[in-house]
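Input: a single structure, listed below in structure tokens.
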Amino acid sequence: MKTWTILFDIDGTLTTSSGAGAGAMETTVDQLFGASEFPEISMHGRTDKSILQELFAAIGVPHDDTFEQFNRQYCLNLPQSLVDRNARLLPGVEPLLEELAELEQVELGLLTGNLKQAAEIKLRHVGIDHFFSFGGYGDLHADRNDVAVEAVESARDAIGDRFSADHVWVIGDTTNDIRCARHVGAKVIAVETGGGSTKSLEEARPDLQIPDLTNVKHWLNQLKL
Ligand SMILES: [Mg+2]
């Protein structure tokens, strides 16, 4: 029996954090560089590496010299920012994960633009970190397509012989999630709980588009689980 690999995005898909990541970045910029103005940067669906490249260019800091230092400080600031901004699970997420975790033919992973450590902090904050044992992250890649490749490779490593490249679903809230799913030949569910407008998601043609993750039965049927 082949295993279904389901790769979840985090921000806007599993959790809503009202900009906790951006808040922690802003605090970090202030602490490390004393920059009073935080530049306007679009963050939806992007990788942290790509966001930080743009951020450092905007404030005139060399990227390669400061990336590691910034990440360490950012991850120290993130827990308080998650508390301050009331980061929480989106509707239906916990029962869905519990149900999927029960299924023998399903394995759950992450496909997120977050730094790996930041992803773990965000998921631990809302108590769902234990559901995920592999994934692709935003530490190394500026392009989300490369994160998708990393996620699939880590799924293959974790699942072994039962892994099937034809049985991969990506679940995300932006057109970038849809684009990167196609890059690795995965099927994709778009949820309207985050950064993508209903119309923009429709235009990117996911296999399924749903308002949120509350109607589990509907898409479990789609997956024929
Ligand atoms: Mg997202």
Side-chain angles (χ1 to χ4, degrees), residues 1-15 45 47-49 89-90 92-124 126-191 204-210 213-225:
M1 183 171 56
K2 285 298 179 189
T3 293
W4 286 95
T5 301
I6 306 182
L7 299 169
F8 282 89
D9 168 58
I10 296 179
D11 302 304
T13 300
L14 295 172
T15 70
T47 75
D48 280 352
K49 172 131 183 159
L89 287 172
L90 281 161
V93 167
E94 198 156 23
L96 169 64
L97 293 175
E98 281 167 1
E99 182 146 356
L100 290 174
E102 290 287 306
L103 298 173
E104 216 178 305
Q105 74 274 35
V106 170
E107 297 289 342
L108 304 180
L110 297 167
L111 198 178
T112 172
N114 279 285
L115 302 169
K116 186 167 193 284
Q117 193 185 347
E120 286 163 0
I121 291 168
K122 287 183 178 184
L123 295 180
R124 205 179 311 131
V126 290
I128 58 169
D129 51 310
H130 58 287
F131 286 109
F132 305 98
S133 51
F134 56 86
Y137 305 90
D139 303 67
L140 301 177
H141 314 295
D143 189 330
R144 203 175 183 92
N145 284 357
D146 298 322
V147 178
V149 171
E150 181 187 326
V152 167
E153 281 172 1
S154 84
R156 194 189 303 273
D157 287 346
I159 297 168
D161 289 345
R162 291 181 301 117
F163 175 81
S164 165
D166 299 329
H167 292 68
V168 179
W169 280 87
V170 170
I171 304 179
D173 67 301
T174 68
T175 55
N176 271 348
D177 294 276
I178 299 168
R179 183 174 62 89
C180 78
R182 297 310 184 204
H183 182 69
V184 292
K187 298 174 180 64
V188 55
I189 296 173
V191 281
R205 302 177 64 86
D207 295 282
L208 184 67
Q209 184 164 333
I210 51 182
L213 292 175
T214 51
N215 192 351
V216 179
K217 287 234 158 32
H218 177 56
W219 67 268
L220 286 184
N221 286 337
Q222 293 270 331
L223 270 66
K224 300 187 174 52
L225 292 173

Does some side-chain heavy atom of [Y] sit less than 4.5 Å from a side-chain heavy atom of [X]?
{"X": "R144", "Y": "D9", "answer": "yes"}
{"X": "Y137", "Y": "L115", "answer": "no"}
{"X": "L90", "Y": "V191", "answer": "no"}
{"X": "Q105", "Y": "H167", "answer": "no"}

Checking the side chain of [X] only, and the main-chain atoms of [Y] only, is there a donor and an acceptor separated by less than 3.5 Å?
{"X": "R182", "Y": "A186", "result": "yes"}
{"X": "D48", "Y": "G138", "result": "no"}
{"X": "D207", "Y": "I189", "result": "no"}

Next item on the list: Would you please test T5 and F134 for side-chain contact (heavy atoms from CB on, under 4.5 Å) and show each step?
Entry: CA-CA 10 Å; T5 301; F134 56 86; 4.0 Å; yes
Note to self: For the residue pair D157 / S154, report whether a side-chain donor-acceptor contact shorter than 3.5 Å exists.
What the structure shows: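 Checked: S154/D157 side chains show no N/O donor-acceptor pair below 3.5 Å.
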Notebook entry, point to check: Are K49 and D146 within salt-bridge range, i.e. N to O under 4.0 Å?
Noted result: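 D146 and K49: not salt-bridged.
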Next item on the list: Could you walk me through whether V147 and C180 pass the side-chain contact (heavy atoms from CB on, under 4.5 Å) test, one step at a time?
Entry: CA-CA 8 Å; V147 178; C180 78; over 6 Å; no
Notebook entry, point to check: Taking the inter-plane angle between the rings of W4 and W169 on a 0 to 90° scale, is it parallel (under 30°), tilted (30 to 60°) or perpendicular (over 60°)?
Noted result: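 Plane angle between 30° and 60°, so tilted.
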Next item on the list: Decide side-chain contact (heavy atoms from CB on, under 4.5 Å) for F8 and L123; before the verdict, give the C-alpha distance in whole Å, the side-chain angles of both, and the deciding distance to 0.1 Å.
Entry: CA-CA 12 Å; F8 282 89; L123 295 180; over 6 Å; no
Which heavy atom in [X] sits nearest to a heavy atom in [Y], and how many Å separate them?
{"X": "T13", "Y": "I171", "result": "CG2-O, 3.7 Å"}
{"X": "D173", "Y": "D11", "result": "OD1-O, 3.0 Å"}
{"X": "E107", "Y": "T3", "result": "CG-CG2, 3.4 Å"}

Next item on the list: Name all residues meeting the salt bridge (charged side-chain N to carboxylate O under 4.0 Å, His left out) criterion together with K187; count only those two or more places apart in sequence or in a different chain, and write none if there are none.
Entry: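 K187 satisfies salt bridge (charged side-chain N to carboxylate O under 4.0 Å, His left out) with no residue once adjacent residues are dropped.
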Check: Counting only heavy atoms not in Q209, do more than 12 fall under 6.0 Å of its CD?
Finding: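 Buried by this count: over 12 neighbours within 6.0 Å.
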Margin query: I'd like to know whether F132 forms a side-chain contact (heavy atoms from CB on, under 4.5 Å) with L14, so could you lay out the CA-CA distance, the side-chain angles of the two residues, the decisive distance to 0.1 Å, and finally the verdict.
Written below: CA-CA 12 Å; F132 305 98; L14 295 172; 3.8 Å; yes
Next item on the list: Only one of T175, D177, N176 passes side-chain hydrogen bond (donor to acceptor under 3.5 Å, both in side chains) with R179; say which it is.
Entry: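 The option that passes is N176.
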